[in-house]
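Heads up, the thing below is written out as C-alpha cells.
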Amino acid sequence: MALPQPVSSPRSDDSGEQRIRILLLEDMPTTATIVTSYVGAASPTATIEWVQTLAAALDRMAGGAFDLVLADLNLPDSKGALVADVVPG
C-alpha cells in the first residue's frame, strides 16, 4: 500500500476556487491512507499534508497556516490531550 504523499498547492487554483489546507497528524500509514482517501473524495480541492509526529506537525505549522488539523491523540511523541493543548487554534 502506497503511503500518502504531501501535496503542495496554492490557496486557490486557476479558476479562483478556494483550497482548504489540511494537516493530517497520524503515525500509522494505513490510517493516513484511509483518511487521505476519504477526505480527498469528499473535498477534491483540499490540500492534505501528512506528518507522523507532533514535532513534525509543529514544524509544518510554523511554516504556514492550515485551515484544519486532523490529529491522532496517540502519537509516538505525545499522548492524549497534550496534542490538543499544543496545536494552535
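For Thr36 against Ile48, the heavy-atom pair with the smallest separation is O-CD1, 3.9 Å. The nearest pair of heavy atoms linking Leu75 to Gln52 is CD2-O, 4.0 Å. Closest of all the heavy-atom pairs between Asp67 and Arg19 is OD2-O, 3.8 Å.
Under the side chain to side chain contact (heavy atoms under 4.5 Å, CB included) criterion, Leu68 pairs with Ile22, Leu70, sequence neighbours left out. The side chain to side chain contact (heavy atoms under 4.5 Å, CB included) check on Thr53 picks up Ala55, Ala56, Asp77, with sequence neighbours excluded.
Between Val35 and Glu26 the shortest side-chain heavy-atom distance does not fall below 4.5 Å.
With a 4.5 Å cut-off between side-chain heavy atoms of Ile, Leu, Val, Met, Phe, Trp and Tyr, the cluster of Met28 takes in none.
Arg60 places no side-chain N or O within 3.5 Å of a backbone atom of Leu23 that could act as its donor or acceptor partner. Remark: the backbone N or O of Pro29 is paired with a side-chain donor or acceptor of Thr33 at under 3.5 angstrom. Remark: side-chain polar atoms of Asp72 are not paired, donor with acceptor, to backbone N or O of Leu25 under 3.5 angstrom.
Following chains of ILVMFWY side-chain contacts shorter than 4.5 Å, one cannot reach Trp50 starting from Ile34, and the two form parts of different hydrophobic clusters.
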